[in-house]
Amino acid sequence: MMALCLSACQKEAVQPKVYGRYVPERKDDFAWENEYAAFRMYGPALRPENPSNGVDLWLKASPELIVDSFYYREHVMGLPYHINYGKGLDCYKVGHTCGAGGLVVMVDEDPDDQIYVGGAYDRYEILEQTPEKFIFRLSYDSLLVHGHLLSEQITITAEAGKILNKAEVVLTGDNTYEGIMWVGGGIYLHEGTDTTNIYADGNEGIVTLAEDALSDKTAAKMNYEYNGSTTQGSNYLAVVIPRGGTCMVQGDVLFAARAYNLGDTLTYYFGACWSRWSNGKQSFPDKEAWLEAVKQEASKL
């Protein structure tokens with residue numbers, strides 16, 4: 001009787017839907033994921049390679065957690081995560097840009113209308129980690145914006161069942177700037193971006209992009225050499241500024257931003273998915289389906 005009771009009373013293990021960690025084995029990456037996509041941001045050990053404070057995107061074929069297996073496959077087995085072996089792939093090129101939803105900063109006094117991004121993070125802190133939610137904070141000591149030295153603190157929340165990550169940004173530092181500073185989230189437009197795949201609405205505070213998942217020539221070459229594939233479908237991206245903002249393309253960046261005062265907290269949201277992602281009957285077969293999902297989630301913010 002006691003054995004039966006113990007067996008019946010045991011709780012089933014909870015399967016995590018959200019995950020993240022510091023990745024010292026890959027030059028201090030900080031990576032995280034939920035059901036829809038995986039992301040990473042770059043740390044101190046990568047600084048000699050001039051990384052940005054932008055966001056990298058890994059495409060996932062299903063809700064299965066893949067961060068640890070991708071790193072293991074790359075760094076232990078020698079199988080590049082730039083190739084799709086069936087679970088997804090890293091085919092997104094960040095370089096020194098905002099990437100897939102990273103911070104962008106602009107100032108009115110800049111005659112070149114430059115969009116500023118920073119470098120690698122200096123410190124990380126995990127604030128909450130459960131099977132349904134992951135919250136962490138990255139701190140950047142040196143963000144140079146048109147001659148003004150700032151510090152950046154960004155707190156990111158990833159939750160199960162949500163296609164958008166929450167980003168809470170605080171900038172501090174040189175308070176001698178008297179003009180208007182614009183801060184928000186941006187999406188880098190890779191070479192050859194089809195402008196018909198861009199959506200931007202300032203009233204909604206939403207920007208989205210659909211692009212060829214193999215826009216990066218290196219990833220395209222590696223996948224072709226591995227299995228002869230010339231396409232890996234499309235990846236979808238989004239940035240949302242709740243209650244509206246300035247949403248537009250400037251140079252090679254699609255962004256959603258708002259006027260900002262140093263020391264304030266600016267909240268924006270960013271997310272991504274793949275046209276080959278599926279979860280039972282749920283999928284995003286085209287850019288219209290992705291946009292509708294973003295609008296639905298944005299309406300609840």
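The figures that follow rest on heavy atoms only: side chains count, while hydrogens, waters and symmetry mates do not. Keep in mind it's a predicted model, so treat the numbers as computed, not measured.
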Whether the side chain of [X] engages the backbone of [Y] through a donor-acceptor N/O pair (distance < 3.5 Å, no angle test) should be reported.
X: Tyr268; Y: Gly101; value: yes
X: Asn261; Y: Asp264; value: no
X: Glu33; Y: Val67; value: yes
X: Tyr224; Y: Ala219; value: no
X: Thr130; Y: Glu132; value: yes
X: Asn34; Y: Glu159; value: yes

Which heavy atom of [X] sits nearest to which heavy atom of [Y], and what is that distance?
X: Thr231; Y: Gly233; answer: OG1-N, 3.1 Å
X: Gly99; Y: Val94; answer: CA-CG1, 4.1 Å
X: Val18; Y: Ala158; answer: CG1-O, 3.6 Å
X: Cys91; Y: Ala213; answer: SG-O, 3.0 Å
X: Tyr19; Y: Gln129; answer: CD1-NE2, 4.1 Å
X: Cys247; Y: Ala200; answer: O-CB, 3.9 Å

Less than 4.0 Å between a side-chain N and a carboxylate O, is that true for [Y] and [X]?
X: Lys221; Y: Glu225; result: yes
X: Glu297; Y: Lys162; result: no
X: Arg21; Y: Asp29; result: no
X: Glu292; Y: Lys295; result: no
X: Lys93; Y: Asp56; result: no

The side-chain hydrogen bond (donor to acceptor under 3.5 Å, both in side chains) partner of Thr155 among Glu125, Glu168, Arg137 is Arg137
I would like to know whether Asp28 and Tyr124 meet side-chain hydrogen bond (donor to acceptor under 3.5 Å, both in side chains); could you show each step before the answer?
CA-CA 10 Å; Asp28 297 337; Tyr124 77 90; over 6 Å; no
To the closest 0.5 Å, what do you measure between [atom1] ([X]) and [atom2] ([Y])?
X: Tyr260; Y: Met106; atom1: OH; atom2: CE; answer: 13.5 Å
X: Gln232; Y: Asn223; atom1: CD; atom2: CG; answer: 4.5 Å
X: Leu59; Y: Lys87; atom1: CG; atom2: NZ; answer: 15.5 Å
X: Asn84; Y: Leu214; atom1: CG; atom2: CG; answer: 9.0 Å
X: Phe39; Y: Asp90; atom1: CZ; atom2: CG; answer: 12.0 Å
X: His96; Y: Asn50; atom1: NE2; atom2: CG; answer: 5.0 Å

Determine whether Gln153 and Tyr121 satisfy the following criterion, side chain to side chain contact (heavy atoms under 4.5 Å, CB included), listing intermediate values before the conclusion.
CA-CA 9 Å; Gln153 186 179 87; Tyr121 73 80; over 6 Å; no
Compare all side-chain heavy atoms of [X] with those of [Y] and state whether any distance is below 4.5 angstrom.
X: Asp113; Y: Gln250; value: yes
X: Ser215; Y: Glu191; value: no
X: Tyr140; Y: Ile154; value: yes
X: Asp141; Y: Arg123; value: yes
X: Val23; Y: Arg40; value: no
X: Tyr236; Y: Ser275; value: yes
X: Pro131; Y: Lys17; value: no
X: Ser234; Y: Trp274; value: no

I'd like to know if [Y] and [X] are part of one continuous hydrophobic network [Ile/Leu/Val/Met/Phe/Trp/Tyr, side-chain heavy atoms within less than 4.5 Å].
X: Leu237; Y: Tyr188; answer: yes
X: Leu189; Y: Phe255; answer: no
X: Ile66; Y: Val76; answer: no
X: Ile241; Y: Val249; answer: yes
X: Ile126; Y: Trp32; answer: yes

Heavy-atom count around [X] [atom1] within 6.0 Å, excluding the residue itself: above 12?
X: Lys287; atom1: NZ; value: yes
X: Glu128; atom1: CD; value: yes
X: Tyr72; atom1: OH; value: no

For the residue pair [X] and [Y], is the inter-centroid distance of their aromatic rings smaller than 6.0 Å?
X: Tyr36; Y: Trp277; value: yes
X: Phe134; Y: Phe136; value: yes
X: Tyr71; Y: Trp58; value: yes

Side-chain donor-acceptor contact under 3.5 Å, Glu211 with Asn235:
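There is such a pair (donor and acceptor under 3.5 Å, judged by atom type) between the side chains of Glu211 and Asn235.
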Tell me, with the steps shown, if Val253 and Val104 meet side chain to side chain contact (heavy atoms under 4.5 Å, CB included).
CA-CA 9 Å; Val253 178; Val104 296; 4.3 Å; yes
Passes side chain to side chain contact (heavy atoms under 4.5 Å, CB included), Asp68 versus Arg73? Steps please.
CA-CA 9 Å; Asp68 280 346; Arg73 192 174 67 199; over 6 Å; no
Over 60° means perpendicular and under 30° means parallel, so tell me whether His146 and His148 are parallel, tilted or perpendicular.
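Taking His148 first and then His146, their aromatic rings sit tilted (interplane angle of 30° to 60°).
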So Trp290 and Phe284, would you call those rings parallel, tilted or perpendicular, with 30° and 60° as cut-offs?
perpendicular
Per side chain to side chain contact (heavy atoms under 4.5 Å, CB included), Leu262 is matched among Asp174, Val183, Leu171 by Leu171
side-chain hydrogen bond (donor to acceptor under 3.5 Å, both in side chains), that's the test. Do Asn53 and Tyr42 meet it? Break it down for me.
CA-CA 7 Å; Asn53 58 346; Tyr42 302 119; over 6 Å; no
Apply side chain to side chain contact (heavy atoms under 4.5 Å, CB included) to the pair Phe270 and Val240, showing each step before the final yes or no.
CA-CA 6 Å; Phe270 67 95; Val240 176; over 6 Å; no
As a quick check of understanding, evaluate side-chain hydrogen bond (donor to acceptor under 3.5 Å, both in side chains) for Tyr199 and Glu288, giving each step before the final call.
CA-CA 10 Å; Tyr199 178 88; Glu288 289 78 18; over 6 Å; no
